[in-house]
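By convention here, the first residue in the shown sequence is residue 1.
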Amino acid sequence: MCNHNEFDKNCKEELKIDLSMDRINTESIFGPYLIGASNYVEGMETKDQLYPYPEFGLYMLWEKVEEIDGNFKIKCIYVGKGEVKKRLRDHISKKDLDDIFYISVFECSNRVSKYLEQNVLDCYSLTLNKNENNDGGEKSELINYIDANCEFVGNDIFQYKMLEYEENKNQENVIYEFLLSISLNDKNKINKWKSKIKKYLDKGNVRFLEELYSYISILIRSGYQLNKDLREVCIYELSVRSKSGTDFVGIQGMDYFLKLRHEYDRSLKLVHCFK
């Protein structure tokens with residue numbers, strides 16, 4: 001077993017939040033394998049594989065050591081912090097990662113990630129953190145164990161995030177198909193996609209609303225006059241929002257979303273589309 005006593009002791013003494021290496025490993029998003037500088041994993045582009053990971057956090061790169069009773073023993077070879085997706089893309093393209101490796105990300109604030117990274121470097125020996133691991137002290141390897149299935153599909157958190165990603169792509173496609181059917185004046189498809197849009201609006205899905213607001217605001221700003229089908233969708237969105245009596249659950253504090261919605265509302269008023 002890998003000894004985490006020193007790391008856990010530092011966290012307990014120096015942080016107000018209750019953290020340990022076991023908790024970090026358990027709560028991290030753990031993705032399937034990636035291959036060196038390749039941009040493809042099981043036919044999927046790397047940018048898609050990176051979708052589940054948060055914007056900020058502590059990330060670790062791992063390599064497989066051996067298989068034990070259906071599980072894999074893995075060793076951490078690099079730890080980093082900060083803007084996770086940007087840094088991971090850099091690693092995939094620049095680091096010496098020709099072999100299969102894995103990514104785990106523990107979501108936390110940028111400030112906490114800096115502390116955790118230093119604590120990991122103080123306590124463990126990591127192959128690719130050459131510049132940071134030069135204090136000459138004896139350190140143990142950072143070892144973890146994962147289920148063999150994790151190699152291909154990631155852990156439960158990763159799988160859930162990928163399902164969310166596919167759903168978001170479907171939602172974007174619904175808006176695109178709706179606008180395309182309007183441009184082609186295909187009445188059957190217009191009604192089909194309009195119905196789907198209303199179902200998404202009933203759910204109050206924030207990401208779907210972002211896409212809808214963006215598309216319609218751009219159309220209006222470009223001088224496009226909303227036809228009756230687009231007006232119907234806009235009026236329906238406003239009615240759903242009005243019935244809720246407040247913003248949709250979960251969007252309070254989302255500055256970007258609120259700015260988008262403000263732009264959308266302002267655009268609608270500019271063209272008097274409800275006359």
Side-chain angles (χ1 to χ4, degrees), residues 1-34 49-50 52-85 87-88 90-92 95 97 99-161:
M1 291 292 289
C2 185
N3 190 327
H4 303 310
N5 291 344
E6 183 180 0
F7 180 90
D8 294 349
K9 176 175 172 288
N10 291 344
C11 284
K12 187 174 181 180
E13 292 178 353
E14 298 168 6
L15 292 177
K16 289 185 178 180
I17 52 178
D18 181 22
L19 271 182
S20 66
M21 182 54 70
D22 285 339
R23 180 183 169 189
I24 290 173
N25 286 334
T26 300
E27 297 183 10
S28 289
I29 300 176
F30 202 104
Y33 70 85
L34 293 169
Q49 282 284 19
L50 297 183
Y53 300 116
E55 293 302 320
F56 289 95
L58 180 81
Y59 67 90
M60 299 181 187
L61 307 183
W62 307 78
E63 65 180 9
K64 182 162 60 176
V65 178
E66 60 180 325
E67 183 175 354
I68 304 173
D69 298 328
N71 295 317
F72 291 144
K73 178 182 179 180
I74 57 176
K75 179 178 71 173
C76 185
I77 56 176
Y78 188 90
V79 64
K81 86 292 185 182
E83 296 178 85
V84 172
K85 295 178 185 180
R87 291 174 181 265
L88 287 176
D90 290 342
H91 283 297
I92 292 168
K95 286 281 182 182
L97 298 170
D99 295 326
I100 289 174
F101 68 101
Y102 310 87
I103 299 169
S104 68
V105 181
F106 178 73
E107 185 172 11
C108 58
S109 70
N110 194 33
R111 185 182 300 277
V112 172
S113 73
K114 291 176 181 178
Y115 168 82
L116 293 176
E117 179 198 42
Q118 191 57 54
N119 197 5
V120 170
L121 292 171
D122 289 344
C123 299
Y124 305 101
S125 175
L126 308 179
T127 310
L128 295 182
N129 289 98
K130 296 171 184 175
N131 294 332
E132 302 96 328
N133 256 331
N134 57 5
D135 58 10
E138 290 242 355
K139 301 173 184 176
S140 63
E141 294 180 331
L142 176 49
I143 300 296
N144 193 9
Y145 296 86
I146 59 171
D147 184 277
N149 290 330
C150 194
E151 178 173 34
F152 300 102
V153 297
N155 65 1
D156 291 344
I157 307 173
F158 184 91
Q159 293 175 50
Y160 174 81
K161 291 287 187 180

**Q.** Phe106 vs Leu19 side-chain heavy atoms within contact, under 4.5 Å
**A.** yes

Q.
Given 3.5 Å as the limit, does a donor-acceptor pair link the side chain of Asn144 with the main chain of Cys76, or not?
A. no

Q) Which pair of non-hydrogen atoms, one from Gln159 and one from Gly154, has the smallest distance, and what is that distance? A) NE2-O, 3.0 Å

Q: Heavy atoms only: give me the nearest Gly82-Ser113 pair and the separation to one decimal.
A: N-OG, 3.6 Å

Q. Between Glu141 and Val65, does a side-chain contact (heavy atoms from CB on, under 4.5 Å) hold up when you go through it step by step?
A. CA-CA 12 Å; Glu141 294 180 331; Val65 178; over 6 Å; no

Q: Report yes if some heavy atom in the side chain of Leu126 is under 4.5 Å from a heavy atom in the side chain of Tyr78; otherwise report no.
A: no

Q) Relative to the ring of Tyr124, is the ring of His4 parallel (under 30°), tilted (30 to 60°) or perpendicular (over 60°)? A) perpendicular

Q: Please identify each residue that fulfils salt bridge (Lys or Arg N to Asp or Glu O under 4.0 Å) with Glu67, with sequence neighbours left out.
A: none

Q) Would you say the side chain of Met60 lies within less than 4.5 Å of the side chain of Val120, judging by non-hydrogen atoms? A) yes

**Q.** Distance, nearest 0.5 Å, that separates CD1 of Ile146 from CH2 of Trp62
**A.** 9.5 Å

Q: Nearest 0.5 Å please: distance from the OH atom of Tyr59 over to the CD atom of Glu83.
A: 10.5 Å

Q.
Among Asn10, Val79, Leu121, Leu58, which residue satisfies the side-chain contact (heavy atoms from CB on, under 4.5 Å) criterion with Leu116?
A. Leu58

Q.
Has Asn25 got a side-chain atom pairing as donor or acceptor with Ser104's backbone, closer than 3.5 angstrom?
A. no

Q: Tell me, please, which residues at least two apart from Asp156 pass side chain to side chain donor-acceptor pair (under 3.5 Å).
A: none

Q) Between Cys123 and Lys139, which heavy-atom pair has the shortest distance, and what is it? A) O-CB, 3.8 Å

Q) Quick one: NZ on Lys75 to OG on Ser125, what's the gap to the nearest 0.5 Å? A) 8.0 Å

Q: Looking only at non-hydrogen atoms, find the nearest pair between Asn119 and Cys11 and report the distance.
A: ND2-SG, 3.5 Å

Q | Straight-line distance of Tyr115 OH to Lys81 NZ, nearest 0.5 Å | A | 15.0 Å

Q: Could you grab the distance from atom CD1 of Ile74 to atom OH of Tyr145, nearest 0.5 Å is fine?
A: 10.0 Å

Q: Over all heavy atoms of both residues, which pair between Asp122 and Glu6 is shortest? Give the atoms and the distance, please.
A: O-OE2, 4.3 Å

Q) So which heavy atom on Pro52 is nearest to which on Lys161, and how close? A) CB-CB, 3.3 Å

(Q) A side-chain contact here means heavy atoms from C-beta on lying under 4.5 Å apart; do Ile24 and Phe7 qualify? (A) yes

Q: Mind checking the CD1-CZ spacing from Ile103 to Phe30? Nearest 0.5 Å is all I need.
A: 9.5 Å

